[in-house]
Protein chains: 4
Amino acid sequence: MFDIDIQSRIPIYEQIYNKVIELIIKGILVENAQLPSVRNLSKELNVNPNTVAKAYQELERSKIIYSLSGRGSFVSEIDREKMKERILEDFDICVRETLQFGLTKDELKNRIDGVSL
Amino acid sequence: MFDIDIQSRIPIYEQIYNKVIELIIKGILVENAQLPSVRNLSKELNVNPNTVAKAYQELERSKIIYSLSGRGSFVSEIDREKMKERILEDFDICVRETLQFGLTKDELKNRIDGVSL
Amino acid sequence: MFDIDIQSRIPIYEQIYNKVIELIIKGILVENAQLPSVRNLSKELNVNPNTVAKAYQELERSKIIYSLSGRGSFVSEIDREKMKERILEDFDICVRETLQFGLTKDELKNRIDGVSL
Amino acid sequence: MFDIDIQSRIPIYEQIYNKVIELIIKGILVENAQLPSVRNLSKELNVNPNTVAKAYQELERSKIIYSLSGRGSFVSEIDREKMKERILEDFDICVRETLQFGLTKDELKNRIDGVSL
DNA sequence: GTGGTCTAGACCACG
DNA sequence: GTGGTCTAGACCACG
């Protein structure tokens, strides 16, 4: 579930950060669901607890999760519409960069049809 | 032309690297055009000459530019089709990430129509 | 009455501790009034009974409440003057921090006029 | 300059964080001024470099400082008016809490006169 | 030299 | 058991 790539140039704590967001958006982690504890996740991923803690702290600062002292970390209230918008804005950037390179919108639309998960 | 963001977390040398590619694809830098010298570009961007040199070295390693000793750096022969394909592969990644979040291809196509440069 | 914020970084037992003092000073809890039992308050606040017990213990150590074994916890004799002084000392700290930042006493006085409960 | 209290219950990194803000507001650290390096400050304060780094990272996340890779950390552009407003809002909270305890605005104003730095 | 990341491991408050 | 803080120390990319 939390497959991370230790070789990647993306820091591990950032991969965990992104993974949690992904799991929330996919609906795998729902509102108020408890995240794995820092210790458990660090064991599962075979990374240092501090690394997981850093990811969780950043998620908390971003209001994506909250922690109850002594109890654990939980998924915050989610505004799915807002999240969707944020994702689409990221997509806009992708598209814009591509258009700048001289590609047409039709080329992009055709390309989308060829993409599979 | 080479507007880079010194505060960005993307390394400066990488920004320069990407910028050169962008300028080539946009047709601003054409085949065999001479790039600014390391010294001049470093002054213009107010960055360390080593940083520019590193970008140029990587561009050369990627066969995107070539250098003639004592004369400067030049744009290599360009295979526009190959470049286009590389850009579209980047775009695929963008799309895939978005689909994973539950958005539909139609939503993406509509979104493209709303993007302006 | 005992509205506490479970997500706050201020420990829950400390919030309860402060709340009791606040209720006493506001005159809502009067001398010899009985506090809610640990069990009841913990249910009402949906927190661990140990947490409420800790708050009560500290309140007792501070002589703010007293407990009669088997009967419950009660508000101690109140020296309103002493309490007022303690609050004003806290206020001094607030003011001092603000002055250190270069604000004038007149600015603070004007600001007070704008504050409403 | 960076006197911190290792005994305090306020985390060291948070004390450093607050101290930097204080120095900025007092005008001791001006726009684009370079902060002491993580290593130097950690030696001066006799704390672990990681602790200083954590403070700096939070300051950067809050846009109060920025770091140039390989060069150091610097004070961001400052909107003094906005900062002043933020401080006054904190003061409001202080005042409100005091008023809730039944003190009058006149009492607070008199109290301010007695405060010295 | 600079900050960024990570490990290993400790201790603590809270509940 | 849970997260939060901190130390000691390593390695890395960037410039």
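Below, read A as the first sequence line, B as the second, and so on, with proteins coming before strands; counting in each chain starts at 1.
A straight line from OH of Tyr56(A) to P of dT5(F) spans 17 Å, rounded to a whole angstrom. Put simply, CG on Asn46(C) is 13 Å from P on dG15(E), counting in whole angstrom units. For the pair Asn50(A) CG and dG9(F) P, the computed distance is 16 Å after rounding to whole Å. dG4(F) atom P lies 12 Å from atom CD of Glu58(A), rounded to whole Å. The nearest whole Å value for the distance from the CD atom in Gln7(B) to the C1' atom in dG15(F) is 16 Å.
Here Glu60(A) lies in heavy-atom contact (under 4.0 Å) with sugar-phosphate atoms only. Here Gln34(A) lies out of heavy-atom contact (under 4.0 Å) with every strand.
Ring orientation note: the planes of Phe91(D) and Phe91(C) are tilted relative to one another, at an angle of 30° to 60°.
When distances are taken from the side chain of Val47(A) to each of dG15(F), dT7(E), dT5(F), the shortest belongs to dT7(E). If you check dG15(F), dG3(E), dG3(F) against the side chain of Arg39(A), the one that comes closest is dG3(F). In the set dT7(F), dG4(E), dT2(F), the nucleotide with an atom closest to the side chain of Asn48(D) is dT7(F). Relative to the side chain of Ile12(B), the nucleotides dC6(F), dG15(F), dG4(E) differ in distance, and dG15(F) lies closest. Side-chain proximity of Ser67(D) to dC14(F), dG4(E), dC6(F): nearest is dG4(E).
Between Tyr13(D) and dT5(F) there is a side-chain polar atom (N or O) within less than 4.0 angstrom of OP1 or OP2. For Ser69(D) and dA13(F), the shortest distance from a side-chain N or O to OP1 or OP2 is not below 4.0 Å. In this structure, Lys54(B) reaches the dC14(F) phosphate: one of its side-chain N or O atoms is under 4.0 Å from OP1 or OP2.
Donor-acceptor pairing under 3.5 Å, judged by distance alone, is absent between the side chain of Arg71(D) and the base of dG3(E).
A donor and an acceptor atom, one from each side chain of Asn18(C) and Tyr13(C), are nowhere located under 3.5 Å apart.
Overall bending of the helix from dG1(E)-dC14(F) to dC14(E)-dG1(F), expressed as the angle between end axes built from five pairs apiece, is 20° (10° steps).
For the atom pair CE (Met1(D)) and CD (Glu44(D)), the distance works out to 8.0 Å, reported to the nearest 0.5 Å.
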